[in-house]
Amino acid sequence: MNLAIFASGNGSNFQVLTEKIQAGSISAQLSFLFCDQKEACALKRAERLSAPHFSFELKEFASKEAYETKLVALLDQHRVDLIVLAGYMKIVGSTLLQAYKGKIINIHPAFLPEFPGVHGIKDAFKAGVPESGVTVHYVDSGIDTGKIIQQVRVPRLENDTLESFEQRIHQAEYELYPKVVKELVERIRK
Ligand code: GRF
């Protein structure tokens, strides 16, 4: 059972997942981290964790199709069974979606369908909701619209600042994502 994790920036979810894989609590191999930003912190984390990693950027290609064709070749070559998006900031295009249909999951820092999009944490905070959450879902052609796998609620406390709220959301991600990946891996292996 081979996983690929995709990230674009910080890579803290990638790190948490990789540590669980390396500790044996998720029974899968990490085939590689793919990062579409060559300067991203996620790549430095991969080096520190001695995790295989690849990086190329969309701007190096003539089209998104060409970029994703290279990605699909890399995934096929490593016989990847599940693609785990963890802060991957691109919309998955039809080339990758069709090749890995039903095999791509994502984590979103809000309780979907509430607050989709790139500012899920800030939008929930600004809206003043009493609670938001974290969602793991399958990826389809929309933005944060795929079938929900699991989600948890995270309260927004009265004295929360955006920073403290954000931290609590991330903490919930670090608990939920490894749990869901572990369960999916076990289900796929059966
Ligand atoms: C996470 O909040 C995730 O939900 C969102 O992007 C953020 C990535 O953080 N999709 P990191 O790169 O894993 O630190």
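Atoms within a ligand are numbered from 1 in the order they appear, just like the ligands themselves. Since we're looking at a predicted model, the values are computed, not measured.
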Notebook entry, point to check: For the rings on F34 and H53, is their centre-to-centre separation under 6.0 Å?
Noted result: no
Next item on the list: Indicate yes or no: does K103 engage D81 in a salt bridge with an N to O separation below 4.0 Å.
Entry: no
Check: Relative to F56, does K70 satisfy both conditions: NZ or CZ under 6.0 angstrom from the six-membered ring centre, and within 45 degrees of the ring's axis?
Finding: yes
Note to self: Return the closest protein heavy atom for atom 7 (C) of ligand 1 as residue, atom name and distance.
What the structure shows: G87 CA, 4.2 Å
Checklist line | Of the listed options A110, S12, A42, closest to atom 11 (P) of ligand 1 (non-hydrogen atoms) | finding: S12
Check: So, are E131 and R156 salt-bridged, with charged N and O less than 4.0 Å apart?
Finding: no
Check: Is N106 in polar range of ligand 1, meaning some N or O pair under 3.5 Å apart?
Finding: no
Check: Taking N or O atoms only and a 3.5 Å limit, does N10 qualify as a polar contact for ligand 1?
Finding: yes
Next item on the list: Tell me, please: is G11 in heavy-atom contact with ligand 1, that is, under 4.0 Å?
Entry: yes
Check: Are E175 and K20 close enough for a salt bridge, meaning some N to O gap below 4.0 Å?
Finding: no
Margin query: Any heavy atom of H170 closer to ligand 1 than 4.0 angstrom?
Written below: yes
Notebook entry, point to check: Do any N/O atoms on I107 end up under 3.5 angstrom from N/O atoms on ligand 1?
Noted result: yes
Margin query: Taking E183 first and then K179, would you say they form a salt bridge - that is, a charged N and a carboxylate O separated by under 4.0 Å?
Written below: yes
Checklist line | Distance from atom 9 (O) of ligand 1 to nearest protein heavy atom, with residue and atom | finding: N13 ND2, 3.8 Å
Check: In Å, rounded to the nearest 0.5 Å, how long is the span from OH of Y174 to CD of E19?
Finding: 11.0 Å
Notebook entry, point to check: For atom 4 (O) of ligand 1, what is the nearest protein heavy atom, given as residue, atom name and distance?
Noted result: E173 OE2, 2.2 Å
